[in-house]
There are 2 protein chains.
Amino acid sequence: MIVLPLQKGSNAERSKHRNRQAILGQLRTAGAMGRAEIARALSLTTQTVSNIIAELSQDGLLLEMGRVSAGRGLPAIQYALNPEGGYALGIEVRPDAIFAALLDMHGKAVATERIAVTQAQPDVVMTHVKALYARALDQVPNARHRTLGAGIVMPGPFGETGITGMGSDLPGWQEVDAETLFEEAIGLPVVLSNDANAAAMAERINGVAQDITSYAYLYFGAGLGLGLVHGGHLVRGAYGNAGEIGHIPVPGQSGNLEDALSRLSVQRHLQLAGKDAHNVDTLDQFFQQNDPDLMAWLTSASAALGHAMAIVENMFDPQTVILGGAMPDAILDHLVAHAPLPDLSVSNRPNAPHPRLMRGASGRMTATLGAAALILNRALSSPISHAH
Amino acid sequence: MIVLPLQKGSNAERSKHRNRQAILGQLRTAGAMGRAEIARALSLTTQTVSNIIAELSQDGLLLEMGRVSAGRGLPAIQYALNPEGGYALGIEVRPDAIFAALLDMHGKAVATERIAVTQAQPDVVMTHVKALYARALDQVPNARHRTLGAGIVMPGPFGETGITGMGSDLPGWQEVDAETLFEEAIGLPVVLSNDANAAAMAERINGVAQDITSYAYLYFGAGLGLGLVHGGHLVRGAYGNAGEIGHIPVPGQSGNLEDALSRLSVQRHLQLAGKDAHNVDTLDQFFQQNDPDLMAWLTSASAALGHAMAIVENMFDPQTVILGGAMPDAILDHLVAHAPLPDLSVSNRPNAPHPRLMRGASGRMTATLGAAALILNRALSSPISHAH
DNA sequence: ATTGATAATTCAAATGAATTGAGTTAGTCC
DNA sequence: GGACTAACTCAATTCATTTGAATTATCAAT
């Protein structure tokens, strides 16, 4: 997965493809618009936009919303993304279960499926994934020939690294080319990603980051993950393993960030007190009951979160940091409210337009939805970074 | 400096511009090539490359290197970048001095200038900068009408943040629009950056990162800075202050990373022992003499560097981390050799193609050269990220 | 109610740049 | 020496955007 310095040339066809994407992306972020308005936003002529809009309409990707008058002149015909114009499949592979979700172009989940598994070897997973996709399509007949691709979420890190074999990765997957395997199994273009990255994109497509282009997402999976988005695109690192924040040592304590701040951490902590909290709902109940052991954990977790904020903010200078993943919303809210935000941070600026830390909005299936969001994001934005 | 979600459309002209840049960039990274070979690398037709090469030659940007036969067929005429085809100005503004460097297209410094200053208010700086540019042009008459732009390096962070006013920023610059000021003063397009970012780009243009596209640069300025390069482009953060790693707390010690790992840190440490080390050469002498106080500092600095590595590697998963800045090479080498590289890191992979930590090659004027490198990088690569 | 200004849209023709296809040239391989 | 191969050139074509003129629908002022 090494990044090559390749810089492809451009031609008329590629330009057109880019402009199609740009128009779709513009309609997604800014809502319904007229053609002239789109043209101004993208520095194109109205004629060009008109031509492309005609094609997109033909392809069923747009909805005409009628004319809306705004001041003088001919009122513009408003166009909006047709949610049923395309779909994206999201697959999340965990050691004990496989999740699938089908998202429409608005990022709404129109079908969700899950299946419990006892084994997660590649061949077993492929069989299940095929079945889940078929079941999702049965619910949404429209989607059969309109699915743009599949995003797959699997526990990282990918490839052999210094944190391989620490329990979070799946057995039997080290040697295989997962991307090709999935591509052949479901017959769609595939994007592979870890849970934190996917969750980060879920917020961008259908959560609190819809108008935020540079942010970090702290994700409660088994451990603690981080998804980095810069200029609307994921920062994956040279080998796709950027954001392994859980393994960074914590000041003042022995151990790593995820020893204090993760699902495993809270489970372990409560287990020492003889309490079982393997379930998110159980955890929520403990919190509602003000369970003293949970509260003790929250105190140390808040401190660790404060430290994570110092690292993330000073390293990436994001617009905001979003907290989410496999935790009850109430606990996430508590952490957001109680984490000590570091004073010594570039993000500690007056009149910041966004809160420094906020809770994600995508709920429990975040990673699965995020997997699909990776596909939507690719369909709706070209890999061009912001102009300076 | 907030990143806007703008995604401009494309047309024939913009395509051509992009292809020109792509060809120049290809010649820079891969050296002299024939037209057909370039065409294959960029997915263009030979004819297109032929047309653009003709124009670039006309503009004096290329050198014909004669035919080189390689196997069967007509030997290709090799084209290479003409170093004298364009120049980039780099300016570094420090509280006590201003540096200027003029780089040719190969990234070679063809003129360097410096001037000591007692005041660094905007108006004073502008006067000096104009003079330095003029002096540089006197040395390289060719460059007068071929300077592509100016990169400016100033102490960050930019804008008001939680680490403003900690001694590293310049007085009188908080309220001004520095970019416009410089643009008007020297009549060139300007890119503004902090020292660590500039140093990172210097390594890419003319150092150890020429064939590395994703890396981090740990920079010894007054404090400790970090430049992040992903896919050949700087990751600046939402407000341009990404990489303020010096203010991250260190585990096991009170204080920040730059309390243990920076110029100020070593100066302070030696001052407590009654030794003055404000000068890089003095520092070098202490090192050559195995000065016990310096050695003690190096021990704690190495530990801090190890911790910085854990953060940078796990957060960013770079191909390598480069260490450089205002330190003697011998000390940098010592740190590279003695820093404890964390086992628990995504970068701790077998058969890694690059060392995890290496010393930068740009020498003492790193930041100034890097400022100019920002311009060259912009001229030689379009803001298109790597395809997946 | 009429008239003028404004803005969105469409149609047809022009333009810019890349591609295509048919030669030409200069080497290697047998 | 002849077949083969690959780079390169020329001219014609294609693709997609732009340009400019004409049309339409609404607002605002008289």
Side-chain angles (χ1 to χ4, degrees), chain A residues 7-24 26-27 30-59 62 64-80 382 384, chain B residues 7-24 26-27 30-59 62 64-80 382 384:
Chain A
Q7 179 172 219
K8 285 268 187 76
S10 181
N11 62 17
E13 248 174 291
R14 294 194 266 248
S15 280
K16 176 153 200 178
H17 184 243
R18 213 195 118 150
N19 288 344
R20 277 179 63 117
Q21 283 194 147
I23 289 177
L24 289 172
Q26 180 68 24
L27 290 179
M33 299 174 78
R35 289 173 254 200
E37 198 182 352
I38 296 172
R40 281 190 300 267
L42 303 179
S43 303
L44 291 170
T45 56
T46 36
Q47 188 53 50
T48 301
V49 174
S50 232
N51 295 338
I52 295 177
I53 290 271
E55 281 186 32
L56 293 174
S57 281
Q58 190 66 37
D59 295 349
L62 298 182
E64 276 196 30
M65 311 296 281
R67 292 186 189 273
V68 172
S69 100
R72 294 186 167 189
L74 204 174
I77 301 171
Q78 304 293 111
Y79 289 90
S382 40
I384 304 245
Chain B
Q7 179 171 220
K8 286 270 189 73
S10 180
N11 60 18
E13 253 172 286
R14 294 194 265 246
S15 279
K16 176 153 199 177
H17 184 242
R18 211 194 119 151
N19 288 344
R20 278 179 63 118
Q21 282 195 149
I23 289 176
L24 289 173
Q26 180 67 23
L27 290 179
M33 301 174 78
R35 287 174 256 199
E37 198 181 352
I38 296 172
R40 281 190 299 270
L42 303 179
S43 303
L44 291 170
T45 56
T46 32
Q47 189 53 51
T48 302
V49 174
S50 232
N51 293 338
I52 295 178
I53 290 273
E55 281 184 33
L56 293 173
S57 281
Q58 190 66 37
D59 294 349
L62 299 182
E64 275 196 32
M65 311 296 281
R67 292 188 189 272
V68 172
S69 106
R72 298 184 165 186
L74 204 176
I77 301 171
Q78 304 293 113
Y79 289 89
S382 39
I384 305 244

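Numbered from 1 within each chain, the chains take letters A, B, ... in sequence-line order.
For the pair V49(B)/L42(B), no side-chain contact is recorded, criterion being any heavy-atom separation below 4.5 Å from C-beta on. Annotation: side chain of T48(A) is not in contact with side chain of N11(B) (no heavy-atom distance under 4.5 Å). The shortest side-chain heavy-atom distance between N19(B) and S10(A) falls under the 4.5 Å cut-off. Taking 4.5 Å as the limit, every side-chain heavy atom of R14(B) sits out of range of all side-chain heavy atoms of R18(A).
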> Reading DNA chain C 5' to 3', how would its secondary structure be written in dot-bracket notation, given Watson-Crick and G-U pairs with both distances under 3.5 Å, brackets [ ] for crossing pairs and | for partners on other strands?
Replying inline: ||||||||||||||||||||||||||||||
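Applying the salt bridge (charged side-chain N to carboxylate O under 4.0 Å, His left out) test to pairs two or more places apart or on separate chains, none has a residue in residues 64-74 of chain A.
Closest approach of Q78(B) and G34(B) over heavy atoms only: OE1-N, 3.8 Å. Minimum interatomic distance between M65(B) and Y79(B) (heavy atoms only, all atoms of both residues): CG-C, 4.4 Å.
In this structure, CD in Q21(B) is found 11.0 Å from CD1 in I52(B), a value given to the nearest 0.5 Å. Distance check: D59(B) CG to R20(B) CZ gives 5.0 Å after rounding to the nearest 0.5 Å. Distance check, rounded to the nearest 0.5 Å: CG of L56(A) to CG of L62(A) gives 5.0 Å. Rounded to the nearest 0.5 Å, atoms CD1 (I77(B)) and CE (M33(B)) are 14.5 Å apart.
When heavy atoms are screened at a 4.0 angstrom cut-off, S69(A) is found touching the sugar-phosphate backbone but no base atom. Using a 4.0 Å heavy-atom criterion, one finds that R40(A) contacts the sugar-phosphate atoms exclusively. As judged by a 4.0 angstrom heavy-atom cut-off over every strand, S50(B) is placed among residues touching the sugar-phosphate backbone only. Using a 4.0 Å heavy-atom distance criterion, E13(B) is classed as a sugar-phosphate-only contact.
Along DNA chain C, the stretch of nucleotides lying under 4.0 Å from any heavy atom of chain B spans, 5' to 3', dA17(C) to dC29(C). If you walk DNA chain D from 5' to 3' and mark each nucleotide with an atom closer than 4.0 Å to a heavy atom of chain B, the marks span dC4(D) to dT18(D).
Evaluation of the salt bridge (charged side-chain N to carboxylate O under 4.0 Å, His left out) rule for E13(B) yields no partner, not counting sequence neighbours.
Using modelled atom types, one finds a donor on one side chain and an acceptor on the other under 3.5 Å when comparing N51(A) with Q47(A).
In terms of position along DNA chain C, the nucleotide closest to G73(A) lies nearer the 5' end than the nucleotide closest to the other residue of the pair T46(A) and G73(A). The residue among G71(A) and Q47(A) whose nearest nucleotide of DNA chain D is located toward the 5' end is Q47(A). The residue among L74(A) and L74(B) whose nearest nucleotide of DNA chain D lies closer to the 5′ end is L74(B).
The stretch residues 30-39 of chain A does not touch DNA chain D, since none of its heavy atoms comes less than 4.0 Å from the strand.
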